[in-house]
Amino acid sequence: MEAIALRDVHVCYDAFVALDGVDLVVGQGQALGIVGPNGSGKSTLLKSIAGLLQPSSGSLCVLGTSPKSLEPGAIAYVPQVEAVDWSFPATVWDVVAMGRFPRIPFWRRFSRADREIVNHALEAVQMESLAKRHIAHLSGGQQQRVFLARALAQQPRLLLLDEPTTGVDHATEEALRLVVRDLVAQGMPVLMTTHDLDRVTEWFDLLCVMDRHILAFGTPEEVVDSGAYAAIREHTHTHGHLRHDHAPHEGHADHPEVRPI
Amino acid sequence: MSYLLAPFAYDFMQRAFIAALLVGVLCSVMGTYVVLRRLSFIGDGIAHASFAGIVIAYLRGADYYIGAAVVAVLTALGIGYVHRKGKVSLDTSIGVLFTGAFALGIFLMSRQRSYTVDLQSFLFGDVLSVTRADLWLIVALGAIIALAVIILYRPLLFASFDPVVAEASGIRAPILDYTLLVLLALTITVSLQSVGIVLVAALLVTPAAAAYQLTNRFAPMMALAVGFGAVSGVGGLYVSYYLRSSSGATIVLLATLLFFLAVGLKRFIKRQRA
């Protein structure tokens, strides 16, 4: 069974088409890298798979069903660190423990087993020594590690990461990569958007280039040889980072329709 | 000692103390979410809008609380809907709707010949007029709110910090948001008679904001807020008894004083550490 299968998926924000006919298949134990210019719908794609956005047409099958009908905790989504207010009253441990919440019904206590899972998750990202630190006092790389640890504590069946390597130090990037590769080796499907085109062969089994639909898909080597990747790569080198001069409503596509109250 | 116990000689004072304590505690529990999710304007809006419900209930000879609760809950759900759809900015829509509903209440009240002190007590609060039936209502709604917060504690905490990830991991964040708003509306409803429409938002925000100064974890923040709310409610009522001042205003002033003490204490602790 494929972990993820999208057929002709369209997602619209009002009149703006963020995803325009996406076809995508990812199997168990595969890490897919998603690259594309700003506004190309990378985050929209992840959010649709996470069940945060409803496709306006097409079929979207995640772990054999629709994202909303999966059991709580099945999908772990790791957003960009700017997505939350880091002055919230919580320690590193508290935030990682939240990963357990979808797995615990209200009548059950936070058990010793839950605590151990949280501690393991912190160890996996090498943050156990900072467990008691307030989250306001973390670097960007440490924030990203906390988010990944929270996802690990959730013990999901699918991991989605939205540009986890943007703006983090090299040590953090390597720590993230090792954790992801370890999960993939255990059979976890992983989807990750990235701007970092240099190390795609080390991160991913599959790579896709998208701009509102999939332009190229295959092994990283295959995609590197294809024209789509080269065009983006050239763009990157000219401008220092990926961008797209004609992206309509730039940024719009990457902004969530899910609003906190 | 007799000085301390003197107010308890009266039945209505005993009821007032229980009401002030419960309202202080409830507002502080909900206030923790209000502060962290920045809902204070929504709280103020719901309180003002509920005045229309109180007046309509009065004119039809129905129970004030039912009128207030119906309008408060409808307002809360309406605000949640507008917020989620996001077509109109939230502060604009609250600003329009709550002042409109509040004006409707004043309008209807002013057309009554026999108008009337007891409606005004809802504006500024009069905890001394809490009847036995009112008190039971506060206890019942308080129990519902407390039970809901206990059952939803973990999902509410997750969704307060990171609503998007909470929803992705299967927590029904939209339903939680609406539930929280309804709980907020009920809390405001039971608090109206004690502290009044104009001041209830203060009791929602101030104890939790004071607690936020002194801790950086969620559960201690809620516990401290409850302590501040209880002290404000009971202490404020004591002070108002001896100063013959408005109970609602005195309760809120005491909470405000506690807030500034907490700010001062935080600075003091920081300086000691530095």
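Per chain, numbering begins at 1; letters A, B, ... match sequence-line order. As a basis for the values below, the full set of heavy atoms in this structure was taken, side chains included, without hydrogen atoms, waters or symmetry mates.
The two atoms that bring A/Met98 and B/Phe161 nearest to each other are SD-CD2, 3.7 Å, heavy atoms only.
Residue B/Leu157 holds its CG atom at 7.5 Å from CG of A/Asp94, rounded to the nearest 0.5 Å. Here the straight-line distance linking atom OG1 of B/Thr215 with atom NE2 of A/His134 works out to 8.5 Å at 0.5 Å rounding.
No side-chain heavy atom of B/Ser169 sits under 4.5 Å from any side-chain heavy atom of A/Phe101. By the 4.5 Å heavy-atom criterion applied to side chains, B/Val164 and A/Pro79 are not counted as neighbours. In this structure the side chain of A/Phe106 never reaches within 4.5 angstrom of the side chain of B/Ile150, judged on heavy atoms. With contacts defined as side-chain heavy-atom distances shorter than 4.5 Å, the pair B/Phe158/A/Arg150 qualifies.
Salt-bridge annotation for A/Asp85 and B/Arg38: present, with a side-chain N of the basic residue lying under 4.0 Å from a carboxylate O of the acidic one.
Interface residue B/Ile171: only side-chain heavy atoms are found under 4.5 Å from chain A. With a threshold of 4.5 angstrom between heavy atoms, B/Leu36 approaches chain A through side-chain atoms but not through N, CA, C or O. Looking at A/Val78, there are no atoms closer than 4.5 Å to chain B (heavy atoms on both sides), in backbone or side chain. For a residue to count as touching a neighbouring chain, one of its non-hydrogen atoms must lie under 4.5 Å from one of that chain's; by this rule A/Ala90 touches chain B with the backbone only. Proximity to chain A is limited to the side chain of B/Tyr212, based on heavy atoms less than 4.5 angstrom apart. Only the side chain of A/Ile135 comes within less than 4.5 Å of a heavy atom in chain B; its backbone stays farther off.
The aromatic rings of A/Phe88 and B/Phe218 sit parallel, their planes meeting at an angle under 30°, below the 60° perpendicular limit.
When B/Met221, B/Arg217, B/Arg172 are compared by the number of non-hydrogen pairs under 4.5 Å with chain A, B/Arg217 comes out ahead.
By a heavy-atom distance cut of under 4.5 Å, A/Arg108, A/Arg109, A/Phe110 are the residues of residues 108-128 of chain A near chain B, going up by number. Applying a 4.5 Å heavy-atom cutoff, none of the residues of residues 227-236 of chain B approach chain A. Contacts between residues 65-76 of chain A and chain B, defined by a heavy-atom separation under 4.5 Å, are made by A/Lys68, A/Pro72, A/Gly73, A/Ile75. Scanning residues 252-270 of chain B against chain A with a 4.5 Å heavy-atom cutoff picks out nothing at all.
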